[in-house]
A.B. asks: 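Before anything else, here's the structure in question.
First the proteins, then the strands, lettered A, B, ... as listed; each starts at 1. Bear in mind that the values here come from a model prediction, so they are computed numbers and not experimental data.
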Amino acid sequence: MPHFGAISAPLSTAGAARFQIRLHETKENLTGNEVRKMFLKFFEERGHRVVRSSSLVPTNDPTLLFTNAGMNQFKDVFLGLEQRDYKRATSCQKCVRAGGKHNDLENVGFTNRHHTFFEMLGNFSFGDYFKEQAIAYAMELVTSTNWYGIPLEKLYFTVFGGAEVSGTQLPVDSEAATYWEKVGAPKDRIIAVPGLKENFWAMGDTGPCGPCSEIYYDMGAAASDQDHADCKFGCDCGRYVEIWNLVFMQFNRLPAVTGDASGTLDPLPKPSVDTGAGLERLAAILQGKISNFDTDLFKPLINKAKWLCGKEDVEGMDTASLASLRIIADHSRAATFLISDGVIPSNEGRGYVLRKIIRRALVHANDLKAPRPFLSAMAVAVRAQMKEAYPELEEHTTRVARVLDEEEDRFTRTVDAGLKKLDEEIAPLIATERKNPAESPVLAGDKAFKLYDTYGLPVDFITDVLRDQGLRLDMAGFDHAMEEQRTRAKASWKGVHKESANPAYAKLAETYKTEPDFYFGTAARDCRIEAIVTKQGSVNEIKKGTEAEIVLDRTSIYSESGGQVADTGGLYDKSESLEVAEIRGAYYPVTGLIAHRIVAKEDLHVGDRVATFADPARRERNMRNHTATHLMNAALRNILGTHVKQSGSLVAPDHLRFDFSHFAAVESSEMIEIEQQVNEEIRKDLEIRTDIMNIDDALASGALAFFGDKYPEANVRVVTIPDDSSPLGFFSKELCGGTHVVRTGAIGVFKIVAEQSTAAGVRRIEAITGDRALAEYQRALTTLRAAAGMLNASEAQLIPALERQIEQIKALEKQLEGLKRKAAGSQAEELLDSVREIKGTRVLAAQVTGASRETLREMVDSLREKLGSGVVVLASAEDGKVALIAAVTKDLTQKLHAGKIVQELAKQVGGSGGGKPDLAEAGGKDTSAIESALRSIYPLLDRLL
RNA sequence: GGGCGUGUAGCUCAGUUGGGAGAGCGCCUCGUUCGCAACGAGGAGGCCGCCGGUUCGAGCCCGGCCACGUCCA
């Protein structure tokens, strides 16, 4: 990790002074909020729909960690998979780039323009206007004195300079160049950049792609990180800054056909436009600042951090502290927004990235001696700054503070434990340094890595402590250990392979689609067998007794989806009197196509007319549990908060399981409240409504979506449980393809049976309903009655009666222990009579009856004490085994070892043993040899003494 | 998904080739005090995470599982 040294160039004292220089005079000094508003207003006036920023957690895209561009939410529109009622849109999108492919985390704070959280302004054309119009808009907004009014002489324009794409040689985008010239760009300021890296954009290996065109701004020599006095455009020293990227989606790249090395490039019938301009950069330019951190978007945050840390003097601030302030400002924004969008710190995925951001901010807060709690105080400043544009921030105020404080506490605990370990690690190093002060000892890289890897101690803390102690860290060794960790993780990842659907289905899906009839009942008549698939692939017929999968044109068998398990049932002939196959389940091998897992009871052929019957009792149970799941989801959000988001679900006939994001265990009082609320809705016997609508309208109406699921673009199914007494007019509304009861009353009763954690920040609740819940109550009550009966108590008195019993048992146990001790004591007294002397040492060897190891130990203890000086050996038979114990008084342990003695004796009873010099135990199997073994102690000691 | 680490009294933790479950803080009772803090004396409180194996004997060794922490992906 590059440390503060890396920032010396851009943040030198001379550099700090330069921040005050105004780069140019604009018409007015626009605030960041005004820059954002003006952008949206410009495009709104030109027929664009102003679309709200989507969540930082991408909805339908599991490949993407966080939303990182304005076009993310329009991806399906560009792909033609989704229709909207507008063709022009504009947005200001919140974005995070940290972790994953675009990772700016390490750079933040040390440069002028890297952020983990930033806002991207953009305008979009979905098959409407194209290059000419997009370029004209961009030029007008940027240069017109009615708008941003940036002087033309500060700007450069790049266009795609040609390259080979999938085997096709694409020429220079002279079209774009012409349009720039037409709107006033000087010819010598239009630069063609060849290659795919800078000015060609693609959504993926296939799909839409096309050339880009970018606007650059010349910040002047003062902005050069390398103190260039007179470098030309194209220099990457920081002087020339990209402010707006226009993407022209012009082609559709098709998948490579087998045998052909590359896919082909087809022109899109309706070319589209996607643009992106970083708000922070625009604000910096319009406010005449070189660094984004000097704009009014960051200044209030930096000042707040400074104020919190009691560091008012800007002048005397060193470069490291400046960088820390910038990092804190940036990370506070990222953390506040991520938590508001439902991300919770954890040890994997998105949550882990958030944790890293928070902890990195805390490391720098620590450098500045920040007070605690720190980040929740910063979140207040973030909210004040951003709530106008993102009103949702205010909804989550208390939760954001709570999550941040909790994570801060957790981090403190981790660091404290880590520092303790570090002290243990460096103690010997300090000792050697004392002996030989000339050389400074080195902490081995692998040891430091272990502190970081296992105990989570940040490297900065390690280096700080070492520096204070005059020690060095073996950084190369540390990096090496880190590299090994990476390769291990990567190697294990390769083992995962995605099971792809039987290729037969992909082909079928082009021709057929299964009509889902399961919403209307459990029977579907006059269905046609469209395909039969076995392990060998698609076949025309199967014999009786064969296991196979079949595809029908319609079916009443619910197919596993959205957590609800599949129906089981039977496949009947046309007359519905003969069961021709058992249906064991059904699933979607590809979208829209249902495969039934069957075992044939008769011969089956493609084209046969059949009927499907689902098991009605099983279906009924599934429906109850599914509707109950919706009720519980709503109740969880009502009681725990709207941060509760479904992260998994199982709807089975015998129970339901629901995973959701929540930062703590659900308390029993909350659990009771949840049960009560759900059961109340059940008793209201509400009629459930299902509507088909497009996804936008559904989400706009407040329907919840499960992000792990993929929803169709247009006709989504919305399941509503209405409730007039609820402020929203409904109790629950969710996007859902499952089957539900007609009225909530059918659920009967809802009971939670388990609550646990599945991962950090994720809780799991299991519950039962209807007949299953009744059975559970009956079983529990039967047990309770039986228990009460055994104690001769009423059910209400069961607990106090049990408490009394336990108390009594304890008292008796204690009494018994006392008696045993007494008995052992008196037995010991008698044994004292059998003491013999061997060469002046007193020896006591005896067999004790009915003594456990515990009592043997106690006896041997008291005997040793009474003897004053000598050897005690006791033996006893217990459960057919021999227990031996030997004790030697302290004054004799130099000459005699109890362990050795007991070992000798144990051999004779078919066992072994050992122990400490003063006390040893052994065991054996031959109880008949106890006597002789005990007698052998005397000659043995005679030898040893 | 993979690696490393940790689960012992209410809390923080110690427990050394496998052989008597401990400390500090907290809690209760008594004493001292007008009372509190402090102090003194006594006491309660443990399936040593769970399951299996090795062993005469496992908190300790081996295997599996669970929970938590942490890093990598």
A.B. asks: Compare the minimum distances between each of B:A21, B:G2, B:C4 and the side chain of A:Arg857, then state the nucleotide with the smallest one.
C.D. replies: B:A21
A.B. asks: Under 4.0 Å from OP1 or OP2 of B:U70: is there any side-chain N or O of A:Thr414 that close?
C.D. replies: yes
A.B. asks: RNA chain B: A:Gly913 or A:Gly923, which has the more 5' nearest nucleotide?
C.D. replies: A:Gly913
A.B. asks: Rounded to whole Å, how long is the line connecting atom CZ of A:Phe411 with atom C1' of B:G69?
C.D. replies: 14 Å
A.B. asks: Round to a whole Å and report the spacing from CG of A:Leu451 to P of B:U6.
C.D. replies: 13 Å
A.B. asks: In whole angstroms, how far is the P atom of B:U17 from the NE2 atom of A:His897?
C.D. replies: 11 Å
A.B. asks: Quote, to the nearest angstrom, the C1' distance that separates B:G42 from B:U55.
C.D. replies: 40 Å
A.B. asks: Output the rounded distance in Å from CZ (A:Phe449) to P (B:G5).
C.D. replies: 12 Å
A.B. asks: Give me the distance, rounded to whole Å, that separates B:C36 from B:U32 when you measure between the P atoms they each carry.
C.D. replies: 12 Å
A.B. asks: Need the pair for B:U29. Rule: Watson-Crick or G-U wobble, both distances under 3.5 Å, any strand; none if unpaired.
C.D. replies: B:A41
A.B. asks: For the P atoms, the ones on B:A21 and on B:C62, what distance do you get once it is rounded to whole angstrom?
C.D. replies: 23 Å
A.B. asks: Rounded to whole angstrom, note down the P distance from B:U8 over to B:A14.
C.D. replies: 10 Å
A.B. asks: Return the nearest nucleotide to the side chain of A:Lys450; candidates are B:G2, B:C4, B:G19.
C.D. replies: B:C4
A.B. asks: Go through the N and O atoms of the side chain of A:Asp453 and the base of B:G3, and report whether any donor-acceptor pair is under 3.5 Å.
C.D. replies: yes
A.B. asks: In whole angstrom, give the distance that lies between atom NZ of A:Lys916 and atom C1' of B:U17.
C.D. replies: 14 Å
A.B. asks: Does A:Arg355 pair with A:Glu407 as a salt bridge, N-O distance under 4.0 Å?
C.D. replies: yes
A.B. asks: Applying a 4.0 Å non-hydrogen cut-off, can you work out what A:Ala922 is touching in the nucleic acid: base, sugar-phosphate, or nothing?
C.D. replies: base
A.B. asks: Given that both distances must come in under 3.5 Å, which nucleotide forms a Watson-Crick or G-U wobble pair with B:A9?
C.D. replies: none
A.B. asks: Verify the contact: side-chain N or O of A:Arg486 to OP1 or OP2 of B:G3, cut-off strictly under 4.0 Å; return yes or no.
C.D. replies: no
A.B. asks: Over how many whole Å does the gap from A:Leu919 atom CG to B:A21 atom C1' extend?
C.D. replies: 15 Å
A.B. asks: Taking any heavy-atom pair under 4.0 Å as a contact, classify A:Gly911: base, sugar-phosphate, or nothing.
C.D. replies: nothing
A.B. asks: How many whole angstroms separate atom NZ of A:Lys447 from atom C1' of B:G5?
C.D. replies: 17 Å
A.B. asks: Confirm from the modelled atom types if A:Ser912 and B:C56 form a donor-acceptor pair under 3.5 Å, side chain to base only.
C.D. replies: yes
A.B. asks: If I pick the C1' atom on B:G18 and the same atom on B:C61, what distance separates them, to the nearest angstrom?
C.D. replies: 8 Å
A.B. asks: Does A:Arg355 make a side-chain N or O approach to OP1 or OP2 of B:C71 shorter than 4.0 Å?
C.D. replies: no
A.B. asks: Would you find a donor on one side and an acceptor on the other, under 3.5 Å apart, between the side chain of A:Arg399 and the backbone of A:Ile339?
C.D. replies: yes
A.B. asks: With respect to A:His331, which candidate in A:Lys356, A:Arg360, A:His364, A:His115 satisfies the side chain to side chain donor-acceptor pair (under 3.5 Å) definition?
C.D. replies: A:Arg360
A.B. asks: State the pairing partner of B:G59; accept Watson-Crick or G-U wobble contacts with both distances under 3.5 Å, and report none otherwise.
C.D. replies: none
A.B. asks: Is A:Arg402 salt-bridged to A:Asp405, cutoff N-O under 4.0 Å?
C.D. replies: no
A.B. asks: Provide the distance between the two C1' atoms, one in B:C34 and one in B:C48, to the nearest whole Å.
C.D. replies: 47 Å
A.B. asks: Checking all strands, does A:Arg864 fall into the base, sugar-phosphate, or nothing category for heavy-atom contacts under 4.0 angstrom?
C.D. replies: base
A.B. asks: What is the base-pairing partner of B:G1, counting Watson-Crick and G-U wobble geometry with both distances under 3.5 Å?
C.D. replies: B:C72
A.B. asks: Should the pair A:Glu425-A:Lys450 be classified as a salt bridge under the 4.0 Å nitrogen-to-oxygen rule?
C.D. replies: no
A.B. asks: Can you check the distance between B:G52 and B:A58, where both ends of the measurement are the P atom (answer in whole Å)?
C.D. replies: 13 Å
A.B. asks: Whole Å only: how far is the CD1 atom of A:Ile462 from the P atom of B:U70?
C.D. replies: 15 Å
A.B. asks: With rounding to whole Å, what would you report as the distance between B:A37 and B:G7 at their C1' atoms?
C.D. replies: 37 Å
A.B. asks: Counting only side-chain N and O atoms of A:Lys881, is one of them less than 4.0 Å from OP1 or OP2 of B:G57?
C.D. replies: yes
A.B. asks: Let me spell it out: for each of A:Met482 and A:Tyr455, pick the nucleotide of RNA chain B with the closest heavy atom. Which residue's pick is nearer the 5' end?
C.D. replies: A:Tyr455
A.B. asks: So A:Phe117 and A:Phe337, would you call those rings parallel, tilted or perpendicular, with 30° and 60° as cut-offs?
C.D. replies: parallel
A.B. asks: Without swapping roles, check the side chain of A:Thr893 against the backbone of A:Thr889 for a donor-acceptor pair under 3.5 Å.
C.D. replies: no
